[in-house]
Structures are given as structure tokens and as C-alpha cells.
Amino acid sequence: MGNTLLIPQLTNAHVHVLDYFLMDIFNKYYIDDVVGAPYGLKYYYLRRVNPESLRNGLAMVFRRIRNYGIGCLLAIIEYGRLFTDVVINEARRVGLCIIPLAEPSAFRVYVKPGEEEDVDEGFEDDVRYFVDNGLGVSLISPLNYTMAELRLVSRLSGSRGLPISTHVSETEDTYLDNDLGRALTTLVTGNTVFVHLTQLSEEDLAKIPTLPVVTCPRSNIEFVGRLARVGAMLRRGLKPLIGTDNVALIEPDLWDEMKVMRLLMNGELNSHTILNMATSWAWSWGFGYIIREGETMRGVALRIGYENMSLDYVYEYLTTRISSGDIVYLIDGSSITRIT
């Protein structure tokens with residue numbers, strides 16, 4: 001394959017793909033007005049659109065994602081009962097491994113004090129449908145559901161080993177409303193995925209058991225102005241993953257995420273650790289791929305653009321210089337696809 005490096009295909013651990021049609025209004029409106037539930041433009045549009053009309057757009061999104069060397073993605077699917085089939089089919093059509101995280105159509109803007117033991121019938125019906133069909137569950141925030149609803153998801157999904165993903169303390173107001181406490185009280189199963197965590201202190205992170213956590217560097221800086229305390233996560237013994245968040249607003253390019261992470265962490269993370277966040281740590285949670293004897297090869301061949309590069313510099317080279325233009329081949333078992 002010439003002068004190349006071979007690494008596992010990357011895992012995008014948090015991506016919203018159903019808002020791709022909103023990218024031309026980036027920076028024109030407040031973020032909640034664009035993608036916030038339930039009144040944002042994304043939700044308004046998805047309540048009215050025919051899922052089949054999104055196929056061509058999703059196909060373009062997934063081809064682009066694939067060409068970044070991404071092999072697996074944890075995809076949030078709003079109104080999951082309507083859109084899960086079209087999202088899964090189009091992702092698989094280009095060779096992506098997709099972990100579908102289907103969002104119930106029923107959620108609450110506010111949970112009133114007297115409602116904590118209530119369970120919305122539509123919510124329960126959606127969750128049971130997802131679990132019966134082997135789908136993971138996406139919850140907007142622990143604040144959008146009653147404690148009884150959160151326990152229901154945990155019990156049903158946990159019994160099948162299916163993942164549950166939820167945004168935790170992405171913004172100051174959700175942190176102050178104790179979304180972390182609600183999540184820790186109800187949602188902690190082996191495959192619960194906490195995403196963002198930008199507002200959490202070291203003391204808060206110490207409360208989180210060993211489960212998948214995801215940081216979205218460019219999205220968090222763009223919309224919240226701060227990055228999660230990834231160094232504290234590592235000291236806690238967590239293995240954080242990397243996601244790109246909303247396709248409409250952030251290009252789903254994990255190489256850019258790694259570069260930003262390396263710069264913003266100011267030496268607190270080494271390049272090897274950052275690469276683990278995009279590859280083998282995801283595999284350790286059951287997502288994505290690893291290269292080892294006995295496993296089907298799922299790799300990315302990356303062109304090295306300079307002569308006589310020292311092997312001591314490989315990790316730094318990957319996190320500072322590689323871009324999508326350096327991806328030469330995607331390897332899937334006996335299939336080798338050239339990227340042009």
C-alpha cells in the first residue's frame with residue numbers, strides 16, 4: 001500500500017445526522033432555536049417530513065462520514081420510530097457500522113413536582129418497541145423525563161444490554177437543575193453513555209461509575225465556550241470517547257476533533273491517548289473496531305506525506321497533520337476501497 005500507516009477505523013461516539021438540512025442557517029439563530037427540543041426548527045421539520053424524502057441527503061452525509069475513515073458511529077435518531085429504518089439502511093449502504101440510539105417521540109419540556117412517578121403511555125410504547133427491536137435509546141436529557149420514565153428505560157434497556165445515551169450537563173442551566181443527579185439515580189447501567197459533561201467539576205466526575213462518556217470538543221467550544229475536564233476523567237479511570245455532535249453545525253471530521261483536543265488540552269493529553277479516544281477505547285465498550293489477530297480487519301490506510309519520518313513521531317503525526325485527504329484505503333475484511 002505504499003508509504004502508509006494502518007490504524008483501526010475511527011468511531012464517532014455522538015452524532016446527530018437528521019439535522020443536516022439545517023446547515024445553511026448556522027450562526028443565524030440561537031442554538032436551541034435550531035436543534036432544541038421540542039420547538040427547534042429540527043423538531044418542527046421532522047414532525048412533518050416524509051422519512052423517505054431524507055434518503056438522498058442522508059446518503060451524502062454518510063458517504064462523507066465514511067470518507068473521513070470512520071467505521072462506526074453512535075447515531076442519535078430523533079423521532080426514532082419514524083426515522084430509524086431510513087438512517088440505519090443508508091448508513092449500512094456505505095459500509096458504516098451504526099449503533100442506533102432511537103429517541104422516543106414523547107418527552108416533557110418540564111417535569112412538574114407531582115409528575116415524578118408518571119409514565120407517558122406513548123413514551124413507554126416507544127421504548128418497548130426500541131428494545132424489542134434491539135435498538136439503543138437516546139434521551140434528550142434526564143430533565144425531560146420523570147424519574148419513573150428514566151427507571152423504565154434503565155430496566156428495559158439494561159435487561160437486554162442495549163445502550164442508553166443522554167446529554168448530561170452540557171449547559172450551565174441543566175447542571176444547576178441537577179441533571180447529573182437524576183442520571184446517576186436512575187440510568188446507570190453497563191452501557192449508559194453520558195455525553196458532553198462540560199460543566200462538571202472533578203468532584204462531580206468522581207461520582208460517575210465506570211461507563212462510557214463522550215466529549216464533543218468543537219461543538220462544546222462553539223456553543224458552550226468550554227471543554228469537558230478530560231484530564232480529570234482520565235484520572236478518575238474513565239475512558240472518554242469523541243463525538244462531533246450536530247452534522248448541520250459541525251463537520252463530522254474526527255481528525256479535526258483530535259487536533260482541537262490536542263491544542264486545547266495544552267499538553268495534559270498525549271497523542272496516544274487522543275487516538276485511543278477515537279479508536280480502541282470505543283471498542284472496549286463494545287463500539288467500533290480494533291486491529292488484532294483473529295478479528296476481521298477494519299482498518300484505515302493513511303498516506304504519509306513526508307520522507308524519512310521517525311517512528312517515534314507516529315502518534316504526534318496522526319494528531320497534528322493527518323486530514324481526510326490523507327486517507328488512501330478503507331479495509332473491511334477482504335474488501336479494500338480506495339478513497340479518492
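Throughout, numbering of the chain's residues begins at 1 and tracks the sequence.
Between the side chain of S53 and the backbone N or O of N50 there is at least one donor-acceptor pair closer than 3.5 Å. A distance-only check finds a donor-acceptor pair linking the side chain of R303 to the backbone of G325 [under 3.5 Å]. Of the possible donor and acceptor atoms, one in the side chain of N178 sits under 3.5 Å from a partner among the backbone N and O of G181. In this structure a side-chain-to-backbone donor-acceptor pair under 3.5 Å is missing from S138 to A102. Of the possible donor and acceptor atoms, none in the side chain of N67 sits under 3.5 Å from a partner among the backbone N and O of I339. The main-chain N or O of D253 is found under 3.5 Å from a side-chain atom of R218 such that the two form a donor-acceptor pair. No donor-acceptor distance shorter than 3.5 angstrom exists from the side chain of S219 to the backbone of C216, with no hydrogens or angles considered. Proximity of a side-chain donor or acceptor of S310 to a complementary backbone N or O of D312 within less than 3.5 Å is detected. Proximity of a side-chain donor or acceptor of Y145 to a complementary backbone N or O of I140 within less than 3.5 Å is detected. Using a distance-only test at 3.5 Å, with no hydrogens or angles considered, no donor-acceptor pair links the side chain of D33 to the main chain of G40.
To the nearest 0.5 Å, atoms CD1 (I290) and CE (M297) are separated by 11.5 Å. A distance of 13.5 Å separates CZ of R128 from CG of N133, quoted to the nearest 0.5 Å. To the nearest 0.5 Å, atom OG1 of residue T337 and atom OH of residue Y329 are 11.0 Å apart.
A distance of 6.0 Å or more separates the ring centres of F123 and F107.
For the pair L302 and V328, the tightest heavy-atom approach, listed with the atom from each and the gap, is C-CG2, 4.3 Å. Annotation for I99 and C72: closest pair CG1-SG, 4.0 Å, computed over non-hydrogen atoms. Nearest heavy-atom pair, P51 versus L82, reported as atom, atom and distance to 0.1 Å: CG-O, 3.6 Å. Of all heavy-atom pairs between L269 and V230, the closest is CD1-CG1, 3.7 Å. The two residues F287 and P212 make their nearest non-hydrogen contact at CE1-CG, 4.4 Å. Shortest non-hydrogen contact noted between V300 and G69 is CG2-O, 3.4 Å.
When only modelled atom types and interatomic distance are considered, D32 and Y39 share no side-chain donor-acceptor pair under 3.5 Å. Judged purely by distance below 3.5 Å, without hydrogens or angles, the side chains of D179 and S169 pair a donor atom with an acceptor atom. Side-chain contact annotation: S201 with D204, donor-acceptor N/O pair under 3.5 Å present. There is a side-chain donor-acceptor pair under 3.5 Å between E251 and Y68. Side-chain contact of D332 with Q9: a donor-acceptor pair under 3.5 Å is present, judged by distance alone.
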### Task
Show your reasoning for whether salt bridge (charged side-chain N to carboxylate O under 4.0 Å, His left out) applies to R226 and E170.
CA-CA 10 Å; R226 61 193 298 176; E170 180 179 6; over 6 Å; no
### Task
Starting from the C-alpha separation in whole Å, work towards a yes-or-no answer on side-chain contact (heavy atoms from CB on, under 4.5 Å) for D245 and H196.
CA-CA 9 Å; D245 212 5; H196 296 306; 3.4 Å; yes
### Query
Please walk me through it: do W285 and L241 pass side-chain contact (heavy atoms from CB on, under 4.5 Å)?
CA-CA 10 Å; W285 293 114; L241 312 180; 4.2 Å; yes
### Query
Could you go step by step and tell me if R182 and D177 meet the salt bridge (charged side-chain N to carboxylate O under 4.0 Å, His left out) rule?
CA-CA 9 Å; R182 292 176 72 87; D177 286 339; over 6 Å; no
### Task
Go through the steps to decide whether K42 and L46 satisfy the test side-chain contact (heavy atoms from CB on, under 4.5 Å), and finish with yes or no.
CA-CA 6 Å; K42 173 173 67 172; L46 292 178; 3.8 Å; yes
### Task
Starting from the C-alpha separation in whole Å, work towards a yes-or-no answer on side-chain contact (heavy atoms from CB on, under 4.5 Å) for W255 and T319.
CA-CA 7 Å; W255 299 105; T319 57; over 6 Å; no
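Hydrophobic clustering (ILVMFWY, side-chain heavy atoms < 4.5 Å, transitive): I274 and I327 are in one cluster. L330 and L73 fall within the same hydrophobic cluster, where Ile, Leu, Val, Met, Phe, Trp and Tyr residues are linked whenever their side-chain heavy atoms come under 4.5 Å apart, directly or through other members. Following chains of ILVMFWY side-chain contacts shorter than 4.5 Å, one cannot reach V94 starting from Y289, and the two form parts of different hydrophobic clusters. Hydrophobic clustering of Ile, Leu, Val, Met, Phe, Trp and Tyr side chains at less than 4.5 Å, counting indirect connections, keeps L156 apart from L211. Y45 and M60 are assigned to two separate hydrophobic clusters, defined by single-linkage of ILVMFWY side chains at heavy-atom distances under 4.5 Å.
For the side chain to side chain contact (heavy atoms under 4.5 Å, CB included) with V214, the qualifying choice from I242, V195, V168, L197 is V195, the only one to do so. With respect to L101, the side chain to side chain contact (heavy atoms under 4.5 Å, CB included) criterion is satisfied by exactly one of I76, V193, V137, L162: I76. Exactly one residue among F83, Y79, F21 makes a side chain to side chain contact (heavy atoms under 4.5 Å, CB included) with V49. That residue is F83.
Using a cut-off of 4.0 Å between Lys/Arg side-chain N and Asp/Glu carboxylate O, R108 and E115 are scored as salt-bridged. Between R55 and E90, at least one side-chain nitrogen of the basic residue sits less than 4.0 Å from a carboxylate oxygen of the acidic one, meeting the salt-bridge criterion. With salt bridges taken as basic N to acidic carboxylate O contacts below 4.0 Å, none links E203 and R236. For R235 and E268, the salt-bridge test passes: some basic side-chain N is under 4.0 Å from an acidic carboxylate O. Under 4.0 Å is where a charged nitrogen must lie from a carboxylate oxygen, and between R262 and E316 no such pair does. At a threshold of 4.0 Å, the pair D326-R321 does not count as salt-bridged, since none of the basic side-chain nitrogens sits closer than that to a carboxylate oxygen.
Residues L227 and M265 meet the side-chain proximity criterion, which asks for heavy atoms closer than 4.5 Å. Looking at heavy atoms from C-beta onward, T11 lies out of side-chain contact with I70 at the 4.5 angstrom threshold. Contact annotation: the side chain of R92 never approaches that of C97 to less than 4.5 Å [non-hydrogen atoms, C-beta and beyond]. T192 has its side chain out of reach of P163: every pair of non-hydrogen atoms, C-beta onward, lies at least 4.5 Å apart. Taking 4.5 Å as the limit, some side-chain heavy atom of L139 sits within range of a side-chain heavy atom of V153. Looking only at side-chain heavy atoms (C-beta outward), Y20 and N246 stay at 4.5 Å or farther from each other. Residues E149 and D120 meet the side-chain proximity criterion, which asks for heavy atoms closer than 4.5 Å. L74 places none of its side-chain heavy atoms less than 4.5 Å from the side chain of P100.
Stacking of R66 on the aromatic ring of F62 is not recorded, the 6.0 Å distance cut-off and the 45° axial limit not both being met. Y129 carries R81 over the face of its six-membered ring, with the cationic atom under 6.0 Å from the centre and within 45° of the normal.
Sparse packing is recorded around CD of E172, with 12 or fewer heavy atoms of other residues, nucleotides or ligands lying under 6.0 Å away. The neighbour count for Y44 OH, taken as heavy atoms of other residues, nucleotides or ligands under 6.0 Å away, does not exceed 12. A 6.0 Å sphere centred on CG of L311 holds no more than 12 heavy atoms belonging to other residues, nucleotides or ligands.
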